[in-house]
2 protein chains.
Amino acid sequence: MILEKKKAFNLFATSKGLRSTRQRDVILDIFLSTHQHVSVEELYLKIKASNPGIGQATVYRTLKLLVDAGLASEILLHDGQTRYEHVMAGEHHDHLVCTGCNSIIEFEDETIEKLQNEIAVRHGFLIKNHKMEIYGLCAGCRK
Amino acid sequence: MILEKKKAFNLFATSKGLRSTRQRDVILDIFLSTHQHVSVEELYLKIKASNPGIGQATVYRTLKLLVDAGLASEILLHDGQTRYEHVMAGEHHDHLVCTGCNSIIEFEDETIEKLQNEIAVRHGFLIKNHKMEIYGLCAGCRK
DNA sequence: ATCTTACTGAAAATGAATGTCAAAAGCATG
DNA sequence: CATGCTTTTGACATTCATTTTCAGTAAGAT
């Protein structure tokens, strides 16, 4: 699966005339190895640990590329840090965000997706993507 | 309706030991008179036009208070500006965001709300609020 | 009217994200 | 494998939204 994504990225890169560099390989690798919803800072620190040479500007730049390539997407929570999550082809998931411990639970619901499409059609709207975040307290934090 | 909200804010203010000031009155007034989804900058400019004395720090501070009071909520789009929308008690609406012209269409869907609750229950999650944004092209921009 | 404490405005500070630019690296070519 | 052209990079500067600071002002209880 990780291999597929690397191939996908290479394809994207060549189609755009981008070059394949050590930095991009490393960043993609480490991004893919992280849990969902990494902030740039988290990712940068992780990268710096094994590859001290790579600068954060490059991490920022590469993450944008991953978004363009359809491998990652940005999520904005309410802590002022942009986070990036993995995009699985065709699949979509949404988030339960715990405001107590900041943990994120993912879920998927086909019925909601269908309803969204209906709503879009009703408004003559062409959906590109969407995000849904439910805020509250997780089981652990309710006590 | 605007009056109700002012009362609600006063109630909140006294319950928290906050003082009632001219600035807060003005900001709440003008916030309530705006369309949905004002950015702080937009609101600040509007306020400055009629009340040149009020500083933007106060606008920022007061908007946070409105959120605490349950009268406003933050929305994060992808343009680096936090926006605030009106919160109607009990009611909830979501957004179709056009990436072509940046217009926002609101909608409400009871079935989706119900499904969200089911999902929350299934995960032992206590919902406080939620956001859903669907990105794409509006009817006008599809052409 | 006085006193305490919260509030405000202006300016400085912060912090995420982006831009700049010279040096380095990719990669097509001879 | 040297050459030359172009993209990419890292370090640093810059931008821009938001937050903090702080001295002065104003609420509102007594």
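Just so it is clear, the model here is predicted, and its values are computed rather than measured. First the proteins, then the strands, lettered A, B, ... as listed; each starts at 1.
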Does B/N117 offer a backbone N or O that forms a donor-acceptor pair with the side chain of B/R122 under 3.5 Å? no
In whole angstroms, how far is the C1' atom of D/dT8 from the CD1 atom of A/I27? 11 Å
So, for A/L71 and A/F31, which heavy atoms are closest and what is the spacing to 0.1 Å? O-CE2, 4.1 Å
Distance check needed: C/dC27 C1' versus A/K16 NZ, whole Å only. 20 Å
Would the A/H78 and A/Y135 ring centres measure less than 6.0 Å apart? yes
How close or far is atom P of D/dT8 from atom CG of A/L28, stated in whole angstroms? 15 Å
Would a 4.5 Å heavy-atom cut-off, applied to side chains only, mark A/L43 and A/V59 as touching? yes
Using 30° and 60° as the class boundaries, would you call the ring planes of A/H37 and A/H95 parallel, tilted or perpendicular? perpendicular
Return the value, rounded to whole Å, for the distance between atom CG of A/N51 and atom P of D/dT9. 13 Å
Is A/Q23 near enough to D/dG10 that one of its side-chain N or O atoms lies under 4.0 angstrom from OP1 or OP2? yes
Each nucleotide of nucleotides 23-30 of chain D classed B (base within 4.0 Å of a protein heavy atom), S (only sugar-phosphate) or -, in 5' to 3' order, makes ---BBS--
Using atom CD1 of A/I54 as one end and atom C1' of D/dA11 as the other, report the distance to the nearest whole Å. 15 Å
Over 12 non-hydrogen atoms of neighbours within 6.0 angstrom of NZ in B/K128: yes
How long is the line joining OH of A/Y44 and P of D/dA11, in whole Å? 7 Å
When you check the side-chain N and O atoms of B/H130 and A/E133, is any donor under 3.5 Å from an acceptor? no
Contact string for nucleotides 12-21 of chain C, one letter per nucleotide 5' to 3', B = base within protein heavy-atom range under 4.0 Å, S = sugar-phosphate only, - = neither, reads ----SBBBB-
Report the distance from atom CD of B/E42 to atom P of D/dT18, rounded to the nearest whole Å. 12 Å
Using a strict cut-off of less than 4.0 Å between a Lys/Arg side-chain nitrogen and an Asp/Glu carboxylate oxygen, indicate whether A/K16 and A/D68 qualify as a salt bridge. no
Is the side chain of A/R142 donor-acceptor paired with the backbone N or O of B/G124 at a distance under 3.5 Å, no angle test? yes
